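Predicted, not measured: the structure shown is a model, and the values here were computed from it. Numbering of residues begins at 1 and proceeds along the displayed sequence. Note that ligands are numbered from 1 as they come in the structure, with each ligand's atoms numbered from 1 the same way.
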Amino acid sequence: MSSQAVRLVVLVSGSGTNLQALLDAVADETYGARIVAVGADRAGIEGLARAERAGIPIFVEKLADHPTREDWDRELAARIAEHKPDLVVCAGFMKILGTPTLSSFPVLNTHPALLPSFPGAHGVRDALSYGVRITGCTVMLADAGVDTGPIIAQASVPVLDGDDEETLHQRIKGVERSLLVETVGRMAREGWTVTGRTVRLGRSG
Ligand code: GRF
């Protein structure tokens with residue numbers, strides 16, 4: 001594996017199928033990135049088990065183990081920093097990151113709706129309840145807000161008659177995994193620039 005590969009720390013809170021898609025992608029050394037650690041805000045999740053099976057170092061930093069949110073923010077940033085990432089990827093990480101992490105590393109996030117519609121923890125449910133016929137997923141840079149960072153890439157998914165939250169989310173996740181893998185790979189290989197809210201992949205100039 002190339003030592004030039006972009007170093008990724010991936011953060012998860014759940015089943016880790018997006019992480020798995022990245023684990024599969026980085027197996028190809030032409031992908032341009034490697035996963036140097038996987039972190040979580042809770043123990044005992046499949047996302048961490050996937051990392052362990054792949055032989056990747058893991059760490060867990062639970063909010064409840066810290067007296068304040070600020071302490072957790074600082075400790076999480078320190079745990080991430082130990083692995084010297086070039087890019088942090090939130091792959092179903094269900095916490096808002098604080099300034100210590102956001103000011104230290106570029107952070108990418110993925111969301112199962114077409115932002116700026118339906119931000120937050122229930123994007124799929126909210127889109128379904130609203131009655132939209134097209135939803136999708138968004139890969140964006142993380143900022144201090146809830147799914148408010150500059151958008152990098154989006155893909156659409158139709159809502160089908162009879163969909164419930166589970167069926168729709170599963171279909172979105174299929175598209176989301178591909179979008180995440182494609183976007184992270186391009187960022188690793190081509191770099192990116194941010195001007196205001198506009199993110200451009202590729203070298204500038
Ligand atoms: C993804 O849809 C992500 O956008 C959302 O939670 C899901 C995580 O799935 N926040 P997984 O843990 O990668 O399987």
Within one Ile-Leu-Val-Met-Phe-Trp-Tyr cluster: Val88 and Leu8, side-chain cutoff 4.5 Å: no
Can you measure from CG (Asp73) to OG1 (Thr68) and round to the nearest 0.5 angstrom? 8.0 Å
Students should find this: residues with any non-hydrogen atom under 4.0 Å from ligand 1. What is the answer? Gly14, Ser15, Gly16, Thr17, Asn18, Gly92, Met94, Thr110, His111, Pro112, His169, Lys173, Glu176
Do the two ring centres, one from Phe59 and one from His83, sit under 6.0 Å apart? yes
Qualifying residue, where the test is side-chain hydrogen bond (donor to acceptor under 3.5 Å, both in side chains) with Arg177 and the options are Thr110, Asn18, Thr17: Thr17
Sub-3.5 Å donor-acceptor pair from the side chain of Arg34 to the main-chain atoms of Arg7, do we have one? no
Look only at the side chain of Thr195 and the backbone of Thr198, and say whether a donor-acceptor pair between them is shorter than 3.5 Å. no
